Peer 1: 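First the structure, which I've put down as structure tokens, then a few questions once you've had a look.
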Amino acid sequence: MRVRVLITPKEGLLDPEGRAVKEILQDNGYKVKSVRVGKVVELEVDDPSQVKEMVEKFLYNPLIEEYVIE
């Protein structure tokens, strides 16, 4: 089974990469209200019940990031 984990900076924390992307888009005439840059981790697993544990132990930093498992 393929599982996708979306990891993004927590709301309210600085996201310098997102800010840079937003500024580049706006400087080129695009109307963008906000941009958040994160990462996608795709896992191929036999037992999807272990994914949450893997994410929380190894894949994200709970102090600055949040995640969604798809």
Side-chain angles (χ1 to χ4, degrees):
M1 174 180 208
R2 180 172 285 176
V3 178
R4 178 180 274 189
V5 182
L6 305 174
I7 301 170
T8 56
K10 284 185 173 179
E11 286 288 336
L13 291 182
L14 292 177
D15 179 8
E17 194 172 353
R19 188 179 63 209
V21 170
K22 177 184 172 186
E23 289 175 3
I24 288 170
L25 293 172
Q26 289 176 332
D27 289 348
N28 284 282
Y30 296 100
K31 294 180 180 179
V32 178
K33 290 183 179 178
S34 69
V35 176
R36 294 176 68 211
V37 174
K39 57 189 169 188
V40 175
V41 179
E42 288 187 346
L43 304 166
E44 187 81 29
V45 296
D46 292 330
D47 183 3
S49 69
Q50 297 177 325
V51 172
K52 183 176 184 206
E53 181 179 330
M54 288 189 284
V55 171
E56 293 184 352
K57 282 187 173 179
F58 302 108
L59 299 180
Y60 95 116
N61 180 341
L63 297 176
I64 60 171
E65 297 173 320
E66 54 194 11
Y67 71 91
V68 174
I69 298 172
E70 296 181 334

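The model shown is predicted, which means the values in this text are computed figures rather than measured ones. We count residues from 1, following the sequence as given.
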Peer 1: Can you name the nearest heavy-atom pair linking P48 to V3, along with the distance?
Peer 2: CB-CG2, 4.5 Å

Peer 1: Distance from K31 atom NZ to L25 atom CG, nearest 0.5 Å?
Peer 2: 14.0 Å

Peer 1: How close do I24 and N28 get, counting heavy atoms only, and between which atoms?
Peer 2: O-ND2, 2.7 Å

Peer 1: L63 and Y67: same hydrophobic cluster, using ILVMFWY side-chain contacts below 4.5 Å?
Peer 2: no

Peer 1: Determine the minimum heavy-atom distance between G38 and P9, stating which atoms define it.
Peer 2: CA-CD, 4.4 Å

Peer 1: Under a 4.5 Å cut-off applied to non-hydrogen side-chain atoms, are V55 and K52 in contact?
Peer 2: no

Peer 1: If you round to the nearest 0.5 Å, how far is CD of E66 from CG of L13?
Peer 2: 8.5 Å

Peer 1: Between atom OG1 of T8 and atom OH of Y60, what is the distance when rounded to the nearest 0.5 Å?
Peer 2: 11.0 Å

Peer 1: So which heavy atom on Q26 is nearest to which on V32, and how close?
Peer 2: NE2-O, 2.8 Å

Peer 1: Using modelled atom types and a 3.5 Å cut-off, is there a donor and acceptor pairing between side-chain atoms of K39 and backbone atoms of V5?
Peer 2: no

Peer 1: CD of E56 to CD1 of I69: how many Å apart, nearest 0.5 Å?
Peer 2: 7.5 Å

Peer 1: Could you state the interatomic distance from CG (L43) to CZ (R2), rounded to the nearest 0.5 Å?
Peer 2: 10.0 Å

Peer 1: Any idea which heavy atoms bring G18 and V35 closest together, and the distance?
Peer 2: O-CB, 3.5 Å

Peer 1: To check you understand the geometry: which heavy-atom pair defines the closest contact between I7 and L59, and what is its length?
Peer 2: CD1-O, 3.3 Å

Peer 1: Hydrophobic cluster membership, with links at side-chain heavy-atom distances under 4.5 Å among I/L/V/M/F/W/Y: are V40 and I64 in one?
Peer 2: no

Peer 1: Indicate yes or no: does R4 engage E42 in a salt bridge with an N to O separation below 4.0 Å.
Peer 2: yes

